[in-house]
There are 2 protein chains.
Amino acid sequence: MSTNDDFDPIFKALAHARRRAILDCLKKEPMTTGGLCQHFHDMDRCTVMQHLKVLHDAGLVVVTREGRERWNHLNALPIKEIADRWIGDYAQHAVRMLSSLERDLGLRNKKETT
Amino acid sequence: MSTNDDFDPIFKALAHARRRAILDCLKKEPMTTGGLCQHFHDMDRCTVMQHLKVLHDAGLVVVTREGRERWNHLNALPIKEIADRWIGDYAQHAVRMLSSLERDLGLRNKKETT
DNA sequence: TCAGTATGTTATAAAAATATAACATGTCAA
DNA sequence: TTGACATGTTATATTTTTATAACATACTGA
C-alpha cells in the first residue's frame with residue numbers, strides 16, 4: 001500500500017519521546033533552536049538539531065528565518081492526515097470489538113437474570 | 001508528561017512499515033504465526049516473530065493458542081487511545097492553521113475583487 | 001571592524017533496532 | 001511411539017538511530 005509508505009517518515013519521527021516533547025513545545029508557540037535547547041537543557045544542542053531535522057524531513061516542523069535566528073513552527077497537518085487516512089480503520093476495529101464485547105456481556109447478563 | 005511515555009511503546013511499534021503491514025493483515029482476520037510468515041515470504045520467520053513480540057509488548061497484538069498453533073489477533077484499542085488522547089490536540093492545531101489560512105486567502109480575494 | 005551569539009556541518013562514539021542462524025520444545029496424526 | 005510440523009529461545013551479525021565533539025559560517029550591535 002503506497003499510503004503506508006508515505007506515512008513512514010512521520011511515524012518514524014513520532015517514534016521518539018524527545019521528538020514528541022519538541023512537538024508539544026512547538027504546539028504552544030514557535031521557538032528558535034536556541035530556545036528549544038534552553039528548554040531541553042539536558043540534551044546537547046546537536047542532538048536537538050538532529051531531532052529537528054528528522055521532524056523537518058517528515059514535514060512536521062516548518063522553518064522560517066529571521067536574521068541569525070531560526071524559528072521552528074509546528075505543522076500538524078501530517079498528523080491529521082494519519083488520523084484521517086490511517087487511524088480511522090483501526091479506531092473502527094476497536095469500536096467494533098468493544099461493542100461486540102458489550103453485546104456478549106449483555107447476553108451473559110440476560111442469561112443470568114432469566 | 002506521563003501520558004506521552006505511556007504511548008512510547010505504541011509509537012515505537014508503529015514506527016516500522018513491516019509492523020504496520022502485519023497490523024493491516026491482522027485487521028482483516030486473526031492469523032497464525034505461520035500464516036503471517038507465508039504472507040511475508042521475503043522476511044525470515046524469526047524476524048516476523050520479533051516484530052510480533054514488539055507489537056505484543058505494545059498491546060497491539062493479542063495471542064491465543066490452539067494446540068500447536070498461535071493465533072495473533074489485532075487489538076486496536078491502543079491506537080484508538082492515541083487517536084483520542086494524543087492526536088486530538090494536533091488535529092485541532094492543523095484545523096486552526098487551515099482555517100486561518102483560508103481566512104487570509106479570503107481577505108486577499110476580497111481585496112482583489114474590490 | 002570585531003567580539004559575542006545563533007546556527008550549520010562533519011566526524012565519530014555509543015546505543016538500539018533489525019535480520020538471521022542454530023538449536024529446543026511441544027503438538028499432531030499415522 | 002515417532003516423524004513432521006508449528007512455534008519458542010538464544011546468540012550474533014548488520015544496520016540505523018541517537019548523542020556528542022570539534023570546527024565553520026553568518027548575523028548583530030557596539
Side-chain angles (χ1 to χ4, degrees), chain A residues 4-26 29-74 78, chain B residues 4-26 29-74 78:
Chain A
N4 217 332
D5 288 330
D6 294 346
F7 291 147
D8 199 59
I10 301 161
F11 275 114
K12 283 229 158 66
L14 295 180
H16 201 280
R18 277 288 166 80
R19 285 195 289 266
R20 293 198 302 281
I22 290 176
L23 291 182
D24 281 341
C25 252
L26 299 181
E29 59 191 345
M31 292 183 83
T32 64
T33 306
L36 281 169
C37 292
Q38 210 167 339
H39 190 272
F40 298 99
H41 52 277
D42 59 327
M43 212 183 338
D44 193 86
R45 184 179 63 88
C46 296
T47 307
V48 173
M49 287 189 68
Q50 267 184 341
H51 282 313
L52 281 173
K53 179 174 161 38
V54 175
L55 291 168
H56 180 256
D57 289 350
L60 290 164
V61 163
V62 174
V63 172
T64 59
R65 277 161 222 277
E66 267 180 49
R68 63 182 159 179
E69 284 179 331
R70 159 187 163 140
W71 286 88
N72 304 280
H73 307 253
L74 167 67
Chain B
N4 218 334
D5 288 331
D6 295 345
F7 291 147
D8 200 58
I10 303 162
F11 275 115
K12 283 227 157 67
L14 295 179
H16 201 279
R18 278 285 166 81
R19 285 195 289 265
R20 292 198 303 280
I22 291 176
L23 291 182
D24 282 341
C25 254
L26 300 181
E29 58 191 346
M31 294 182 81
T32 64
T33 307
L36 280 169
C37 291
Q38 210 167 339
H39 190 272
F40 298 100
H41 51 277
D42 59 325
M43 213 183 339
D44 192 85
R45 183 180 62 87
C46 296
T47 308
V48 172
M49 287 190 65
Q50 266 185 342
H51 283 313
L52 281 174
K53 178 173 161 37
V54 174
L55 290 168
H56 180 256
D57 289 350
L60 290 164
V61 164
V62 173
V63 172
T64 59
R65 279 160 220 278
E66 267 181 48
R68 64 180 161 182
E69 286 177 330
R70 160 186 162 139
W71 286 87
N72 304 281
H73 307 253
L74 168 65

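Each chain gets a letter, A, B and so on, in the order the sequences are listed, and its residues count up from 1.
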K.L.:
C:dG8, D:dG8, D:dA6: which one has an atom nearest the side-chain heavy atoms of B:E69?
P.N.:
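Taking heavy atoms from C-beta onward, the closest nucleotide is D:dA6.
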K.L.:
Contacts to DNA chain C from residues 41-60 of chain B, heavy-atom cutoff under 4.0 Å, which residues?
P.N.:
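Result for residues 41-60 of chain B: B:D44, B:C46, B:T47, B:Q50, B:H51, sorted by number.
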K.L.:
Hey, is A:D24 close enough to A:R20 for a salt bridge, meaning N to O under 4.0 Å?
P.N.:
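A:R20 and A:D24: not salt-bridged.
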K.L.:
Are any side-chain N or O atoms of A:R70 and backbone N or O atoms of A:T33, one a donor and one an acceptor, separated by less than 3.5 Å?
P.N.:
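The answer is no, because no donor-acceptor pair under 3.5 Å joins these two groups.
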K.L.:
Would you mind telling me which residue lines up with the more 5' stretch of DNA chain D, A:G67 or A:R18, judged by nearest nucleotide?
P.N.:
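It is A:R18 whose nearest nucleotide is closer to the 5' end.
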K.L.:
To the nearest Å, give me how far apart NE2 (B:H16) and P (D:dT15) are.
P.N.:
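Rounding to the nearest Å, NE2 of B:H16 and P of D:dT15 are 14 Å apart.
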K.L.:
Can you measure from OG1 (B:T64) to CD (B:E69) and round to the nearest 0.5 angstrom?
P.N.:
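Those atoms lie 10.0 Å apart.
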K.L.:
Does the pair A:D42/A:R18 count as a salt bridge with the N-to-O cut at 4.0 Å?
P.N.:
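A salt bridge links A:D42 with A:R18.
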K.L.:
Closest-nucleotide mapping onto DNA chain C: is A:N72 or A:K12 further toward the 5' terminus? I mean the 5' end.
P.N.:
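On the 5' side of the pair lies A:N72.
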K.L.:
Taking CG from A:D8 and C1' from D:dT17, how many angstroms apart are they, rounded to a whole number?
P.N.:
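From A:D8 CG to D:dT17 C1': 14 Å.
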K.L.:
Whole angstroms only, please: what is the CD-P distance between B:E66 and C:dA29?
P.N.:
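To the nearest whole Å, that distance equals 13 Å.
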K.L.:
Above 12 or not: heavy atoms from other molecules or residues under 6.0 Å from NE2 of A:H73?
P.N.:
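Counting neighbours around NE2 of A:H73, more than 12 heavy atoms of other residues, nucleotides or ligands fall under 6.0 Å, so yes.
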K.L.:
So B:V63 and B:L52, side chain to side chain contact (heavy atoms under 4.5 Å, CB included) or not? Walk me through it.
P.N.:
CA-CA 10 Å; B:V63 172; B:L52 281 174; over 6 Å; no
K.L.:
Rounded to whole Å, please give me the gap between CZ in B:F40 and P in C:dT20.
P.N.:
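Taking CZ of B:F40 and P of C:dT20, I get 14 Å after rounding.
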K.L.:
Start with the C-alpha distance between B:M31 and B:L26, add both sets of side-chain angles, then the distance that settles side chain to side chain contact (heavy atoms under 4.5 Å, CB included), and finish with yes or no.
P.N.:
CA-CA 6 Å; B:M31 294 182 81; B:L26 300 181; 3.9 Å; yes
K.L.:
Between atom CZ in B:R19 and atom P in D:dT16, what is the gap in whole Å?
P.N.:
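After rounding, the gap between these two atoms is 15 Å.
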K.L.:
Given atom CG of B:L36 and atom C1' of C:dA19, what is their separation to the nearest angstrom?
P.N.:
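It is 17 Å, rounded to the nearest whole Å.
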K.L.:
In whole Å, I'd like the distance from the CH2 atom of A:W71 to the P atom of D:dC27.
P.N.:
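My rounded result for the distance is 18 Å.
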K.L.:
Has the side chain of A:R68 got a donor or acceptor that lies under 3.5 Å from a partner of the other kind on the base of C:dT5?
P.N.:
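Pair found.
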K.L.:
When you get a sec, tell me which of C:dG8, D:dG8, C:dT18 is the closest nucleotide to the side chain of B:T33?
P.N.:
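For the B:T33 side chain, the nearest candidate turns out to be D:dG8.
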K.L.:
If only side-chain N and O atoms of A:R65 are considered, is one of them under 4.0 Å from the OP1 or OP2 phosphate oxygen of C:dA6?
P.N.:
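Answer no for this pair, as no side-chain N or O of A:R65 is under 4.0 Å from OP1 or OP2.
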